[in-house]
Amino acid sequence: MASQASALANPAPLGLMGFGMTTVLLNLHNAGFVPMGSAILGMGLMFGGGAQIVAGILEYQKGNTFGMTAFIAYGAFWLSLVALIALPRFGVGDASSPTLMGSYLLIWGLFTFIMFLGTLRATKVHQTIFASLTVLFGLLGFADILGQPLLTVIAGYEGIFCGLSAIYLAAAEVLEAQFHTHVLPVGPYVAYPPQALPA
C-alpha cells in the first residue's frame, strides 16, 4: 500500500493483476487441469509481460525502487518464458534441456528470495506472495533438473495459491483507492524510516 498520498495513480494493482492472473493460468497447466495453449502464451506476452513492464516504468516515476525492479523483472520473465516455449517451434534455436530450464527457474528463485527479503518492510500479503513465489520457482526448477513430474503438479497447486495472493493484494489496493479506506486486510505496513537511510 502507498504510505503517503500522491497525485499519481497507483500502478501496483495493474502489475499485481498481470502477475497474479498469468501465474494462476500457467499453474492450472502445471497442476494438470489444462493443456499448454495460446491462451497461456498470449496472457504471458501481453498481461504478464507487457502490463507488468508498464507498471514497473510507472513505479520508477514514483521513485519506488522495489516496485520498479519487481514489475519490470517479472514482466521480462514472462516475455522470456514465452520466448523459450515459442521460439523453438519456429525453428529459432533449440529447445532448452531440462537441466538448463531448471537452472533458469532456480536463478529466478534466487532473485525472488532477494526480493522477498525486501518485503520484510512491507505487508504480510507482500511477504506471502514473494515467499510462495520463491517456493514455486524452487519446485519447478528441481522438477525439471530431477525429472520429477510430481513436483511440477505440486508446484501447480502452490502457484495457484501464489497467483491468487497477488490478485488479492491488487484487489485490496484498488478498493482502498476507490473507497479511501482499508477494505481487505493485508497485514501491517512497515514504512522504511527516512532517518534510517544512510547519509
Side-chain angles (χ1 to χ4, degrees), residues 1-2 8-30 36-88 90 92-93 96 100-101 103-119 122-123 125-141 155-156 158-174 177:
M1 301 286 176
L8 299 175
N10 179 10
L14 171 65
L16 288 164
M17 281 293 187
F19 169 80
M21 291 171 60
T22 311
T23 298
V24 168
L25 193 60
L26 176 63
N27 283 287
L28 288 173
H29 162 69
N30 288 333
M36 176 62 73
S38 58
I40 296 174
L41 297 178
M43 189 81 148
L45 185 65
M46 301 305 296
F47 202 25
Q52 281 202 89
I53 289 175
V54 169
I57 292 170
L58 296 175
E59 291 284 12
Y60 168 81
Q61 293 176 337
K62 295 181 68 176
N64 184 350
T65 300
F66 182 91
M68 177 207 67
T69 304
F71 288 135
I72 293 180
Y74 291 120
F77 163 77
W78 282 110
L79 294 178
S80 68
L81 183 62
V82 171
L84 285 170
I85 295 170
L87 290 180
F90 290 97
V92 182
S96 297
L100 181 56
M101 195 66 188
S103 300
Y104 163 84
L105 293 164
L106 289 178
I107 203 70
W108 276 104
L110 174 61
F111 169 77
T112 303
F113 176 72
I114 294 169
M115 298 302 289
F116 165 74
L117 296 178
T119 67
T123 70
V125 180
H126 281 92
Q127 294 167 25
T128 299
I129 293 167
F130 282 86
S132 60
L133 184 57
T134 301
V135 172
L136 175 60
F137 278 126
L139 287 170
L140 290 173
E158 202 271 350
I160 292 169
F161 169 79
C162 176
L164 290 175
S165 299
I167 292 170
Y168 176 89
L169 182 57
E173 296 200 3
V174 167

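Reckoned from all heavy atoms, side chains included, excluding hydrogens, waters and symmetry mates. Since we're looking at a predicted model, the values are computed, not measured.
Annotation: side chain of Ile40 is not in contact with side chain of Ile85 (no heavy-atom distance under 4.5 Å). Side-chain contact between Val54 and Phe71: absent, with no pair of heavy atoms (C-beta onward) separated by less than 4.5 Å. Two residues are said to be in side-chain contact when any heavy atoms from C-beta on lie closer than 4.5 Å; Leu133 and Trp108 fail this criterion. Side-chain contact check for Phe47 versus Leu14: some heavy-atom pair is nearer than 4.5 Å. Under the 4.5 Å side-chain criterion, counting only non-hydrogen atoms from C-beta, Thr112 is not in contact with Phe116. Glu158 is not listed as a side-chain neighbour of Asn27, based on a closest heavy-atom distance of 4.5 Å or more.
The local environment of CZ in Phe111 is crowded, with over 12 non-hydrogen atoms from other residues, nucleotides or ligands closer than 6.0 Å. Counting heavy-atom neighbours within 6.0 Å of Met46 CE, excluding the residue itself, gives a total of 12 or less. Other residues, nucleotides and ligands place more than 12 heavy atoms under 6.0 Å from the CG atom of Leu100.
Here Met36 contributes atom CE and Leu28 contributes atom CG; the two are 11.0 Å apart, rounded to the nearest 0.5 Å. Taking CD1 from Ile167 and CE from Met21, the interatomic distance works out to 6.0 Å, rounded to the nearest 0.5 Å. In this structure, CE on Met101 lies 5.0 Å from CG on Leu81, to the nearest 0.5 angstrom. Taking CG from Leu169 and CG from Leu16, the interatomic distance works out to 5.0 Å, rounded to the nearest 0.5 Å. Separating the CE atom in Met68 from the CD1 atom in Ile53 is a distance of 12.5 Å, to the nearest 0.5 Å.
Ser96 and Leu84 make their closest contact through OG-CD2, 3.8 Å (heavy atoms, listed as atom of the first residue, atom of the second, distance). Considering all non-hydrogen atoms of both residues, Phe130 and Ala70 come closest at CZ-CB, 4.2 Å. The two atoms that bring Ala155 and Leu139 nearest to each other are CB-CB, 3.7 Å, heavy atoms only. Closest non-hydrogen pair, Ile72 versus Gly56, comes out as CG1-CA, 3.6 Å. Across every non-hydrogen atom of Ala170 and Pro13, the tightest pair is CB-O, 3.7 Å. Pairing each heavy atom of Gly20 with each of Ala166, the nearest pair is CA-CB, 3.8 Å.
Under the side-chain hydrogen bond (donor to acceptor under 3.5 Å, both in side chains) criterion, the residue pairs touching residues 76-87 are Ser80-Tyr104, with sequence neighbours excluded. Residue pairs meeting the side-chain hydrogen bond (donor to acceptor under 3.5 Å, both in side chains) criterion with at least one member in residues 49-61, sequence neighbours excluded, are Glu59-Asn64.
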I would like to know whether Leu41 and Leu45 meet side-chain contact (heavy atoms from CB on, under 4.5 Å); could you show each step before the answer?
CA-CA 6 Å; Leu41 297 178; Leu45 185 65; over 6 Å; no
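Taking the six-membered ring where the residue is Trp, Phe137 and Tyr74 present parallel rings, their angle staying beneath 30° rather than reaching 60°.
Listed for the Thr22 side chain is no donor-acceptor partner under 3.5 Å among the backbone atoms of Phe19.
Partner of Met115 under the side chain to side chain contact (heavy atoms under 4.5 Å, CB included) criterion, out of Thr134, Leu110, Ile129, Thr69: Thr69 alone.
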